[in-house]
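The structure under discussion appears below in the form of structure tokens.
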Number of protein chains: 4
Amino acid sequence: MTTNKKEDIMQASLMLFTERGFDATTVPMIAEKAQVGAGTIYRYFENKEVLLNSLFRECVGQIIQALSDGFPESASVREQFHHIFHRLTRFGQENNEALTFIDSHMDPRLLDEESQSKFIELLDFLRRFLKRGQQQGIIVQLPPDALIPLFYGPIVKLFLVIRDGDLKQTDELFAGVEECCWNALKVH
Amino acid sequence: MTTNKKEDIMQASLMLFTERGFDATTVPMIAEKAQVGAGTIYRYFENKEVLLNSLFRECVGQIIQALSDGFPESASVREQFHHIFHRLTRFGQENNEALTFIDSHMDPRLLDEESQSKFIELLDFLRRFLKRGQQQGIIVQLPPDALIPLFYGPIVKLFLVIRDGDLKQTDELFAGVEECCWNALKVH
Amino acid sequence: MTTNKKEDIMQASLMLFTERGFDATTVPMIAEKAQVGAGTIYRYFENKEVLLNSLFRECVGQIIQALSDGFPESASVREQFHHIFHRLTRFGQENNEALTFIDSHMDPRLLDEESQSKFIELLDFLRRFLKRGQQQGIIVQLPPDALIPLFYGPIVKLFLVIRDGDLKQTDELFAGVEECCWNALKVH
Amino acid sequence: MTTNKKEDIMQASLMLFTERGFDATTVPMIAEKAQVGAGTIYRYFENKEVLLNSLFRECVGQIIQALSDGFPESASVREQFHHIFHRLTRFGQENNEALTFIDSHMDPRLLDEESQSKFIELLDFLRRFLKRGQQQGIIVQLPPDALIPLFYGPIVKLFLVIRDGDLKQTDELFAGVEECCWNALKVH
DNA sequence: GATGAATGAGGGTTCATTCAT
DNA sequence: GATGAATGAACCCTCATTCAT
């Protein structure tokens, strides 16, 4: 089977968009990294913006998948949080760019309706978890949208710091940060 | 007194860079918003990139100023954290763009040495605070660079959510988030 | 076979640079005359200045070629001078712009090292000829750099006058001028 | 008396136009060299092009003056040529730029009617001299416009070589070149 | 299907010229 | 009269996109 060009293009864009940003990434750059002709990209994606949106949806979808898959519905809130945190960091470790890419391309000027909906789907998953925790009196009573930044923000930033080489990713580190984030959320 | 054009240009750029990003902001856009001719911008800034760096340094400097000014050197770690959190959120409230602008333009491709140093100055201020707290056994023993995201990240994200209109900024909200962030940092 | 765009661009630039000068020639002008898109020029030449230098080197190279090719090494000084004068004027007749172009673009602000070297190569060819003539006591004892203007200058100017339509180019004219130039050089 | 600003501006332009060419010389450059404000230039000259033309006419006028003044109407052709050659080189020595400036700015796109007429006046002076010499059978029978390059061209080029520092200007040099040029013109 | 040469709209930037001081 | 800050037209150049091969 021939190598999957569409996959190559998406992989190359992901790296370049993450590294340089959408605007600073040129189509020829993507073509070169993906080892395809520039015109080939237009066979798979209507234009650069559509490519971005496909990529964005794909990445967000993967995260939602990672979070939903095997989610311990009936476990304790703490255990559910562990699942979320663990899956998020594992995803980040396996696919370092995706997390950063999503975070730095959440621009309504670039994302279409569908991409934005997809991201809201992710937020809703997190909101639901938080609300259940609040109903059980375990998670602090603040608007969920104010709570999400308390663990999602640190995770994203953490991978940025790691990527810059300023921090080594170890299980201890993630365990420590998880504990901190949980302390941020839980009622004391 | 004549209006200060340089100030107008910086103000306009700040808003546009924050809103659209550096690359998606054109010089004519800045000129129009600042109500000056496009050429005028080049009387004050060598080029668009220099303008970005001036702005970046200015904003980071203001934050450092806000944090250092009246910092309670001899107060408790908790009180010092309150100072930092309060000044940061007050700065964000008074100057909503600046915080977001800095966070979204920390690109080594765009920032020169001096700008990066200036930002490190800010990080060092926060690192010193965290280390003192750790020496007193009050703040958890994790690398400071892993701790900074635990309160700096949420604050930045919070203002993004606020700017998108999804959340109203109230004293209660900030007080609540401060408590959460402190819980994330402190030893339990 | 497709038309050679690079060749078209060089031909168009040669005419325009000669007619209007480098600074007064815009890239769109070149594109229009060469019947290519403006962007196409940048596929073949890094920028306008590189185009100028390519053109300059090409033209100087052609002259050197025309002079060296079949140069009568063992003939008399007079015959060698005839060769030089004849080839120079024939070159000027066949390629009217090139001579004028070179003469009017010998600007160290525009020419790079390599272009300047190439021109020195041409000068050296002429200097060597003059020195041999001086050693044989046939050409007057003045610095070669003062002698070159005595025949190279008039030839260039002659083609300027011709181009302005003030003079018709005939064999008699060139023969007459050659005789004059030789009289300028030779010991009487 | 205050320093003559108009004179300063012309002097500064002469140097810059000669050194860099008309197009590569900016009005602020002239202002700085002339030690006046940029706006001041427009008090004396309608625009940059008018300044060029004033300068051109002034320089050509000075040469005509230098040639006409004390011209030995009734002397021999050889003596008349000596007068012309001597005055031209003396002018070049005293005012190195002017000669080069004129030669490199003889562009119909830049010069107005009047400037071109003024230059024709200079040419006519030279043409008259040549025709008289031809009538006396002393100067070769070629179109005067083909003869002028034989001594005017070398003189201009000579000062270029001198300015580039490749040749020292001495009386012997000029005497030698004069002899050569005369040999080019005279009937043998 | 795949390519990359070609295009031209639109960006950053310069600079001749104006005009309020 | 003199100034130089301000302007905006016009430059050079980039790059998303097309299309002949």
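Just so we're on the same page: letters track the sequence lines, and every chain starts at 1.
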Calculate the interatomic distance between B:E46 atom CD and E:dC15 atom C1'; express it in whole Å.
-> 16 Å
Can you check the A:I30 CD1 to E:dT3 P distance for me, whole Å?
-> 15 Å
d(CD1, C:I41; C1', E:dA5) in whole Å = 15 Å
Look at A:Y42 and F:dT17 and indicate whether a side-chain polar atom (N or O) is within less than 4.0 Å of OP1 or OP2.
-> yes
As its Watson-Crick or G-U partner within any shown strand, both distances under 3.5 Å, F:dA9 has E:dT14
Kindly indicate whether a cation-pi arrangement holds for B:K118 with B:F56, taking the cut-offs as under 6.0 Å to the six-membered ring centre and within 45° of the axis.
-> no
Would B:R57 and B:D112 pass as an ion pair if we require N to O under 4.0 Å?
-> yes
In whole angstroms, how far is the P atom of E:dG12 from the CG atom of B:D23?
-> 9 Å
Find which nucleotide of DNA chain E each of B:M29 and C:T40 is nearest to by heavy atoms, and output the residue with the more 5' nucleotide.
-> C:T40
Measure the distance from CZ on D:F17 to P on E:dA16 and round it to the nearest whole Å.
-> 9 Å
Are OP1 or OP2 of F:dA5 and a side-chain N or O of B:Y44 less than 4.0 angstrom apart?
-> no
Considering heavy-atom distances to DNA chain F, does A:A38 or C:A38 have its closest nucleotide positioned more toward the 5' end?
-> C:A38
Residue whose closest nucleotide on DNA chain E lies nearer the 5' end, C:G39 versus D:A24 | C:G39
Think B:T26 has a side-chain N or O under 4.0 angstrom from the OP1 or OP2 of E:dG11?
-> no
In whole angstroms, how far is the P atom of F:dA6 from the CD atom of B:Q35?
-> 14 Å
Over 12 non-hydrogen atoms of neighbours within 6.0 angstrom of CD in B:E121 | yes
Identify the heavy atoms of A:I9 and A:Y44 that sit nearest to each other, and give their distance.
-> CD1-CD1, 3.8 Å
Please determine, for the side chain of C:N47, which listed nucleotide (E:dA2, F:dT3, F:dC13) has the closest atom?
-> F:dC13
Report the distance from atom CZ of D:R43 to atom C1' of E:dT17, rounded to the nearest whole Å.
-> 14 Å
Tell me: CD of A:E49 to C1' of F:dT17, nearest whole Å?
-> 14 Å
What distance do B:I30 atom CD1 and B:M15 atom CE have between them, rounded to the nearest 0.5 Å?
-> 12.5 Å
Touch check for C:V27, heavy atoms < 4.0 angstrom, all strands: base, sugar-phosphate only, or nothing?
-> sugar-phosphate
OP1 or OP2 of F:dT3 less than 4.0 angstrom from a side-chain nitrogen or oxygen of D:K5, does that happen here?
-> yes
With a 3.5 angstrom cut-off on both distances, give the Watson-Crick or G-U wobble partner of E:dA6, or none if there isn't one.
-> F:dT17
Go through E:dA6, E:dA16, E:dT3 for me and flag the one nearest to the D:K48 side chain.
-> E:dA16
